[in-house]
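Note sheet for the following structure.
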Amino acid sequence: MNPILLQKNLSYLKSDFSVKIQNATLPVELQKSKTGEWTLELEGRWIHSRFDPITEAKRFADELPEDGSQRVYLLFGAGLGHILPFLLKRENCFVIWMEPNEFFLKVALSIYDFSESLLSEKLIIIPNEKREDLLIEAFKGKGTYPISFVPHRGSWQWKETDYLELRNIAEQMFHKKDVNLATLTRFEKIWAKNICFNLPELAAFTPVSKLFGLANGIDIVVAGAGPSLSHSIPNLKKFRSQFLLLAVDTAVPILSSFGVDPDLIYSVDPQSLNSQYLEDYHGDGILVFDPTSTYMSLRLDAGPVKGFVTTSPFPLIQILEKSMEVELGAVPFGGSVSTNAASLASLMGAKNIYFIGQDLSFTFGLAHSKGAILEERLNFLENRKFRREKHNYKQLFALPQKKVEGILGNSFITNEKMLIFKKWFEDHADSNPWKNLTANGAKLDGIPSLKFEDCFSEIDENLKELVLSVKSAIRETLKIQNQEKTSEQLKAEIQKVIPNLIEFQSVVQKGMNLSKKIYSQIKNNQVDPKRFSNDLKQMDAIDTIVSEKKGLNEMLSLGIQRVILTITEGYDSELDEADRSNEQLEIAKKSLLLYEGLNESISSIKRMLKKSLFRLESY
């Protein structure tokens with residue numbers, strides 16, 4: 001082993017990684033194979049061949065796919081690294097090595113010179129770090145490359161559980177990325193549309209920041225719409241006066257059918273179907289509304305009291321924020337309305353926060369609680385060839401099934417999407433006063449599962465009075481909002497934005513046309529040096545103007561996230577093989593995609609803002 005070579009390799013790793021590897025110690029001494037290369041025996045298992053580890057590594061490498069195209073080999077262990085030189089010499093191939101036992105890395109980096117590969121990031125090493133974010137960073141820019149999972153046989157035979165855990169983390173990361181990308185691709189334009197179309201109604205809403213801290217000293221029950229929600233109704237009614245009830249909008253029809261009226265109703269879903277959860281509601285519940293939620297919910301004849309509006313991570317919300325006298329208030333989100341509701345309950349300062357209907361599994365073989373809107377809609381669709389059981393069955397198998405441990409020690413079927421939400425709750429459990437009263441479903445690690453009787457007494461007049469005073473305070477905050485003033489300020493903001501968009505679009509269209517011209521010249525091999533140089537200078541000038549419009553670019557980015565991912569991560573088929581094989585052509589195509597996306601986003605947002613302005617002026 002060569003300590004100088006080790007230091008050279010370590011210098012190209014993150015400092016915390018290099019320290020870990022430097023401090024690693026071998027549990028046993030290395031041994032020489034029959035052919036003279038290093039090998040190792042651990043607890044009776046040979047990590048590499050004791051006869052010829054290099055030939056063994058070459059044969060293993062030859063088994064892995066290679067077709068000349070770009071590819072990532074994700075290694076779960078590699079022992080002393082004998083396979084890496086064979087993989088790294090392949091063109092267009094990248095190696096990511098996840099290794100839970102750092103002493104393997106110390107030996108490998110003392111045997112082989114990986115400095116060039118580490119510098120170019122053709123090789124990325126992740127030591128004993130069970131973190132998705134490191135893996136996400138490692139795959140940045142490689143989103144469309146085929147991936148080969150490569151478990152190292154000798155390492156797995158020695159300690160399979162160590163490496164299996166890394167593989168599970170990788171699989172979870174890819175599933176989550178697929179879910180997030182599918183969500184982004186599906187909803188990016190809907191989110192932008194909803195924000196624009198919601199603006200006139202949101203002028204009458206109160207910033208959700210006014211709710212923060214109002215529930216100090218009382219408990220909040222957060223009602224989800226999981227299959228077990230109906231099982232919690234008797235206890236919910238029995239102890240109703242002892243807490244504030246915050247329900248997600250999908251749970252409202254179920255609660256209403258049992259005569260339970262929530263105090264606050266949270267809505268975040270952008271799909272128009274979501275408005276149907278509220279269309280028949282005639283109770284006193286106050287709506288807490290995410291600006292990206294469907295605009296149809298705010299145009300219902302009935303529905304909840306129009307109450308509180310949250311901010312949004314999308315810069316388009318700045319139009320509304322500039323019109324308000326106080327900050328809207330940010331509610332942390334974890335991807336679902338239930339995670340938002342749980343976060344809001346914490347921000348309200350509740351003493352204890354209890355979950356019901358938070359199954360995160362297909363409890364009792366159901367996709368949703370009895371009485372949910374989707375089930376009621378099936379009354380109109382059922383026929384001889386289509387029964388509600390078939391619809392439920394299709395929902396259960398829409399995503400790959402996973403098993404999850406249940407609250408009562410049993411197990412249930414769930415899917416990757418619900419596991420993402422489950423992990424979010426568990427990751428935030430330490431910093432929140434959460435307790436789980438859900439009747440059945442998935443166990444939430446770190447969040448105690450209790451019964452209603454353990455948390456509430458039948459009669460507590462003092463607590464009842466305190467809860468009533470909080471409810472009264474919530475309603476009083478709604479009277480503070482000056483709707484007329486906010487509407488006038490909102491009109492003024494929109495009237496400033498629209499001319500700026502028109503002016504900006506003129507520049508963007510010039511950039512789009514010039515990008516098409518440059519792309520065509522390169523693709524058809526018709527580059528005239530003088531003319532091409534002039535075109536590039538014009539393109540640079542346009543790029544500078546566009547990049548300086550930071551505020552407008554941020555506002556428009558909501559409608560072009562898919563384009564941005566195409567450019568930064570290679571997530572789309574918009575770039576064909578010809579584009580990817582020619583660096584100049586790839587750059588030109590990405591420029592064209594960006595300007596086309598910007599132009600489309602400007603046209604769309606400008607049109608929608610004009611409609612909202614017309615509605616504001618008509619009030």
Side-chain angles (χ1 to χ4, degrees), residues 1-3 5-6 8-10 12-13 17 21 24 26-128 138 142 145-160 162-164 166-167 170:
M1 297 206 316
N2 186 336
L5 186 58
L6 173 63
K8 181 181 179 183
N9 283 319
L10 289 179
Y12 292 99
L13 295 178
F17 287 3
I21 296 169
L26 265 170
V28 297
E29 288 188 9
L30 290 172
Q31 299 182 42
K32 285 286 183 104
S33 66
K34 297 288 185 182
T35 53
E37 288 83 17
W38 292 113
T39 186
L40 189 63
E41 184 184 13
L42 291 170
E43 299 175 4
R45 299 280 185 182
W46 285 96
I47 303 302
H48 297 283
S49 168
R50 53 183 165 164
F51 299 104
D52 189 353
I54 301 302
T55 299
E56 176 194 52
K58 184 178 183 304
R59 286 173 179 166
F60 186 21
D62 289 342
E63 293 173 6
L64 300 177
E66 180 193 15
D67 55 10
S69 62
Q70 291 171 316
R71 176 177 292 277
V72 177
Y73 298 110
L74 180 54
L75 275 53
F76 302 104
L80 306 182
H82 294 316
I83 193 175
L84 267 71
F86 296 105
L87 299 180
L88 292 171
K89 72 179 181 181
R90 297 179 177 181
E91 291 185 13
N92 299 321
C93 289
F94 300 86
V95 177
I96 298 174
W97 179 5
M98 299 182 75
E99 180 54 68
N101 299 290
E102 284 109 346
F103 62 82
F104 283 136
L105 295 170
K106 186 172 184 178
V107 176
L109 298 177
S110 302
I111 298 174
Y112 295 103
D113 186 354
F114 294 132
S115 56
E116 286 188 15
S117 298
L118 290 168
L119 177 62
S120 65
E121 295 192 340
K122 187 176 177 69
L123 169 63
I124 295 176
I125 292 174
I126 303 177
N128 189 20
K142 306 176 184 70
Y145 300 173
I147 301 166
S148 296
F149 277 25
V150 185
H152 181 248
R153 191 178 297 116
S155 301
W156 281 61
Q157 288 175 345
W158 170 54
K159 276 198 175 176
E160 181 179 354
D162 286 1
Y163 296 93
L164 187 59
L166 294 181
R167 181 176 180 133

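Keep in mind it's a predicted model, so treat the numbers as computed, not measured.
Asp162 is linked by a salt bridge (charged side-chain N to carboxylate O under 4.0 Å, His left out) to nothing, counting only residues two or more places apart in sequence or in another chain. Scored by the side chain to side chain contact (heavy atoms under 4.5 Å, CB included) test, Arg59 finds Thr55 as partners (sequence neighbours excluded). Residues that satisfy the ring pair (Phe, Tyr, Trp, His ring centres under 6.0 Å) test with His48, not counting sequence neighbours, are His82, His152. With sequence neighbours excluded, no residue satisfies side chain to side chain contact (heavy atoms under 4.5 Å, CB included) with Pro3. Not counting sequence neighbours, the partners of Lys8 by the salt bridge (charged side-chain N to carboxylate O under 4.0 Å, His left out) test are Asp113. Not counting sequence neighbours, the partners of Leu10 by the side chain to side chain contact (heavy atoms under 4.5 Å, CB included) test are Leu6, Gln7, Leu13, Ser18, Ile21, Gln22, Leu109. With sequence neighbours excluded, the residues satisfying side chain to side chain contact (heavy atoms under 4.5 Å, CB included) with Leu164 are Trp156, Asn168.
When all heavy atoms are compared, the tightest approach of Ser33 to Ser49 is CB-O, 4.1 Å. Residues Pro65 and Ser148 share a closest heavy-atom pair of CG-OG, 3.4 Å. Residue Ala57 comes nearest to Phe86 through the heavy atom pair CB-CE1, 4.1 Å, listed as atom of the first residue, atom of the second, then distance. Residue Phe114 comes nearest to Ala108 through the heavy atom pair CE1-O, 4.0 Å, listed as atom of the first residue, atom of the second, then distance. Considering all non-hydrogen atoms of both residues, Ser115 and Tyr12 come closest at CB-CE1, 3.4 Å.
Distance CG/Leu88 to OH/Tyr73: 10.5 Å, rounded to 0.5 Å. Ile125 contributes atom CD1, which lies 10.0 Å from atom CZ of Phe17 (distance to the nearest 0.5 angstrom). Summarising the geometry, atom CG belonging to Leu64 is positioned 13.5 Å from atom CZ belonging to Phe149; distances are rounded to the nearest 0.5 Å.
The side-chain hydrogen bond (donor to acceptor under 3.5 Å, both in side chains) contacts involving residues 116-126 comprise nothing, where partners must be two or more places apart or lie in separate chains. For residues 27-52, the set of pairs meeting the salt bridge (Lys or Arg N to Asp or Glu O under 4.0 Å) definition, not counting sequence neighbours, is empty. Annotation: salt bridge (Lys or Arg N to Asp or Glu O under 4.0 Å) contacts involving residues 85-95, sequence neighbours excluded, comprise Glu66-Arg90.
A 4.5 Å side-chain heavy-atom check between Leu166 and Ile126 finds every atom pair outside the cut-off.
With a 6.0 Å cutoff to the six-membered ring centre and a 45° limit on the axis angle, Arg153 counts as a cation-pi contact of Phe60.
A donor-acceptor pair under 3.5 Å is absent between the side-chain atoms of Thr39 and the main chain of Ile47, judged by distance alone.
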Take Trp158 and Leu40 through the test side-chain contact (heavy atoms from CB on, under 4.5 Å) and record every step on the way to the result.
-> CA-CA 11 Å; Trp158 170 54; Leu40 189 63; over 6 Å; no
Distance-only donor-acceptor hits, side chain of residues 93-100, under 3.5 Å, sequence neighbours excluded:
| unit_1 | atom_1 | unit_2 | atom_2 | d |
| --- | --- | --- | --- | --- |
| Trp97 | NE1 | Glu99 | OE1 | 3.3 |
| Glu99 | OE2 | Asn101 | N | 3.0 |
| Glu99 | OE2 | Tyr163 | OH | 2.7 |

